2 protein chains.
Amino acid sequence: MKTQENVKPVDIRPFAYAISLIDGKWKMHILFWLWKQDTLRYSELKRSLGNVTHKMLSSQLKELEADGLVLRREYPQVPPKVEYSLTEKGKSMMPILSELCRWGNQNVPDGWEQN
Amino acid sequence: MKTQENVKPVDIRPFAYAISLIDGKWKMHILFWLWKQDTLRYSELKRSLGNVTHKMLSSQLKELEADGLVLRREYPQVPPKVEYSLTEKGKSMMPILSELCRWGNQNVPDGWEQN
DNA sequence: CTGGATCCGTTTAGATACTG
DNA sequence: CAGTATCTAAACGGATCCAG
């Protein structure tokens, strides 16, 4: 009884956990803007993200909040005002985003743009 | 004429470029295993990833290869043998994966597992 | 302004069969 | 062994309407 040849045992669980929190079409972008802008209202976030739809933004924010990465602060007034920001857990992910930015700056091709 | 209040101008292009290369359900996991194992045959990769389907794995590998992150080496023999590994560009992304692992190790809840 | 709910077309991804 | 092709169910995502 032997394990597969040439394939070492590796624990992917911690890595997979991190990935599971940030996949989803807009999550990384949301985290990015909250990182750069600190606190944003719902409508500001929507404008910043560009072509995200209402449905997507609200659902992604809800998941990020449920995962403890984003803080939702609601001001009881009319019209409503809601501000989003990073939690401590969310902030602790910023080194990851920072690495992504660093890599991007060194590798983004001239003239590249999101299709 | 003024820009939005409280919203500073930020260039998200490099970040978005990095994201665009690694989103896709299995790409990060593929990069992870090639990182840890150096070189893997198609079937070894498939076993390592667990429940990935044939179709997904081949399509994701193809995209990673097209983006210059993964190298495909084919040995002309019967039965065929194909090995995958990271390119230099692929390796240059490893600090990002490294950060994800570090964060995951510090934050993965006890008993958490991929649904 | 900040959402939730619904309808509905598009995309995705799994299962299966087939090839060199 | 390492793929490709096709068919189909399910998930996703956009548009729109409604509400506090």
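The chains referred to below are lettered A, B, ... by the order of the sequence lines, with proteins before strands, and numbering in each begins at 1. Note that the coordinates shown come from a computational prediction; the quantities given were computed from them, not determined experimentally.
Atom C1' of nucleotide D:dA15 and atom CG of A:Leu57 are separated by 16 Å, given to the nearest angstrom. Per the geometry, CG belonging to A:Leu64 stands 16 Å off C1' belonging to C:dG3, to the nearest Å. In this structure, CD1 of B:Ile30 is placed 14 Å from P of D:dA2, rounded to the nearest angstrom. Atom NZ in B:Lys46 sits about 15 Å away from atom C1' in D:dT4, given to the nearest Å. Note: CE (B:Met56) to P (C:dT12) measures 9 Å, nearest angstrom. Rounded to a whole Å, the CG atom of B:Leu49 is 14 Å from the P atom of D:dA2. Rounding to whole angstrom units, OH of residue A:Tyr75 and P of C:dT2 are separated by 12 Å. The NE2 atom of A:His29 sits 13 Å away from the P atom of D:dG13 (whole-angstrom rounding).
Under the 3.5 Å distance criterion, the side-chain polar atoms of A:Gln37 are left unmatched by any main-chain donor or acceptor of A:Leu34. A donor-acceptor distance shorter than 3.5 angstrom exists from the side chain of A:Asp11 to the backbone of A:Arg13, with no hydrogens or angles considered.
Helix-axis bend for the helix from C:dC1-D:dG20 to C:dG20-D:dC1: the local axis fitted to the five terminal pairs at one end deviates from that at the other end by 40°, rounded to 10°.
Taken to the nearest 0.5 Å, the OG atom of A:Ser85 stands 7.5 Å off from the CG atom of A:Asp38. Atoms NZ and CD1, on A:Lys36 and B:Ile12 in that order, are 9.5 Å from each other to the nearest 0.5 Å. Atom CD of residue B:Glu99 and atom OG of residue A:Ser98 lie 8.0 Å apart, to the nearest 0.5 angstrom. The line from CG of A:Leu40 to NZ of A:Lys46 is 14.0 Å long, rounded to the nearest 0.5 Å.
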Test salt bridge (Lys or Arg N to Asp or Glu O under 4.0 Å) on B:Glu65 and B:Lys62; report intermediate values, then the result. CA-CA 5 Å; B:Glu65 194 192 353; B:Lys62 224 170 164 181; over 6 Å; no
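Note on A:Arg41: every side-chain N or O is 4.0 Å or more away from OP1 and OP2 of C:dC1. OP1 or OP2 of C:dG3 lies within a sub-4.0 Å distance of a side-chain N or O belonging to A:Arg72.
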Atom pairs, N/O to N/O, protein against nucleotides 4-7 of chain C, distance under 3.5 Å?
| residue | atom | partner | partner atom | Å |
| --- | --- | --- | --- | --- |
| C:dG4 | OP1 | A:Lys62 | NZ | 3.4 |

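Every residue two or more places apart in sequence or in another chain that forms a side-chain hydrogen bond (donor to acceptor under 3.5 Å, both in side chains) with B:Glu83 is listed here: B:Tyr75. Residues forming a side-chain hydrogen bond (donor to acceptor under 3.5 Å, both in side chains) with A:Glu74 (at least two apart in sequence, or on another chain): A:Arg72.
Contact check of residues 76-87 of chain B against DNA chain C (heavy atom, cut-off under 4.0 Å) returns B:Pro80.
The only member of A:Leu64, A:Leu71, A:Leu61 that meets side-chain contact (heavy atoms from CB on, under 4.5 Å) when paired with A:Tyr84 is A:Leu61.
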N/O donor to acceptor pairs below 3.5 angstrom from side-chain atoms of residues 15-31 of chain A, sequence neighbours left out:
| residue | atom | partner | partner atom | Å |
| --- | --- | --- | --- | --- |
| A:Tyr17 | OH | A:Lys89 | NZ | 3.0 |
| A:Ser20 | OG | A:Tyr17 | O | 2.7 |
| A:Lys27 | NZ | A:Glu63 | OE1 | 2.7 |

